[in-house]
Amino acid sequence: MKRIGILTSGGDAPGMNACIRAAVRTALANNLAVAGIRRGYTGLIAADAVPLDRAAIRNTIHLGGTILETSRNPDFYTKEGRLRAAAAIERMGLDGVVLIGGDGTFHGASLLAADADTAPLVGVPGSIDNDVYGTDYCIGFDTAANCAVEAIDRIRDTARSHERLFFLEVMGRTAGFLALESGIAGGAEELVIPEEEVSIARMSERIQNGFTIGKKSAIVVVAEAETPGISFQIAREVREHLDLDSRVVVLGHLQRGGPPTLRDRVLGSALGVAAVEALLEGRSGCMVGEVGGALMCTPLGETWQKKKPLNENLRRIFTILSE
Ligand code: F6P
């Protein structure tokens, strides 16, 4: 193994740069040259790469976003696109590729590995949604969750001052990890997550009870699920049951930016090292992750086909503490 490639794909996540930096340093320490593939699968198909040396990754550990840039490329879902990517990997002379991204990235990588006899592929989970099977946490989740908690704290100040109900919508696509953990940490009253059916009538009743026993505010953390902006509709439906002044805040892409937290820098660093070491050990078609504090390699196919469950105990804790 002489030369490897690194790319980031799908939604950017804070801590991706820490991961790129760690992978590059580990590769250089093992006498491997590194190509930074630009703009995810778009750059892979186009063989668009820049050399990554020590200077290229200097002073990047604290930066959000991804210095390699990223994309969501529909061409990768066509066989023709994937065969072009396989040909580009060969043309670039890569003996292995580290792919940092989420379930969509690993879906694409699994299809690529099935279509063509490419160089070994090793994935690293990077997604604020945290919905990748095979790791307790994905790079970027902690930073995004802390952003949501800060937003809840700020909203609480104004909610309490006006005795208002707020709906705060967080990202997470089809998973409620961001909503659940930020809801616990922010002391939210209610949670709307895609993993559960919601009864607007019962939720309204609980909110009303809270005000009756002396609460001065209520915050409902809503996971965006398949319909970003869904909180406006939920607020309207609650209004039919409750005569309370309410407001809606949609956090959106705010959660994806900003400097990575300590946890995301450490996780990104650990997994960047692990990914290159996995390639050096001859592994392929897997994703490195951390489960229960231990490093794990999970087949790429499982990472997006298996559903990562919410932590039931955390869900139980939310219910106890929100009453
Ligand atoms: O997957 C990360 C994520 O931020 C989701 O939480 C969100 O639904 C989606 O990406 C937004 O995608 P885009 O940046 O393409 O609008």
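Numbering of ligands and ligand atoms starts at 1, following listing order. The figures here come from the full heavy-atom set of this structure, side chains too, leaving out hydrogens, waters and symmetry mates.
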message: Salt bridge check, Arg82 against Asp115: does any charged N sit closer than 4.0 Å to a carboxylate O?
response: yes
query: Between Asn146 and Thr261, does any side-chain donor sit less than 3.5 Å from a side-chain acceptor?
result: no
query: Distance only, no hydrogens: is a donor on one side chain within 3.5 Å (strictly under) of an acceptor on the other, for Ser217 and Arg156?
result: yes
Aromatic Phe211 / basic Lys216 pairing, under 6.0 angstrom, 45° off normal: no
- prompt: When you look for protein heavy atoms under 4.0 Å from ligand 1, which residues do they belong to?
  reply: Arg72, Ile128, Asp129, Met171, Gly172, Arg173, Glu224, His253, Arg256
- request: Show your working on salt bridge (Lys or Arg N to Asp or Glu O under 4.0 Å) between Asp131 and Lys308 and close with a plain yes or no.
  value: CA-CA 6 Å; Asp131 56 350; Lys308 179 167 151 187; over 6 Å; no
- request: Any chance you could lay out the side chain to side chain donor-acceptor pair (under 3.5 Å) test for Arg154 and Thr158, step after step, and finish with the verdict?
  value: CA-CA 7 Å; Arg154 287 170 184 267; Thr158 175; over 6 Å; no
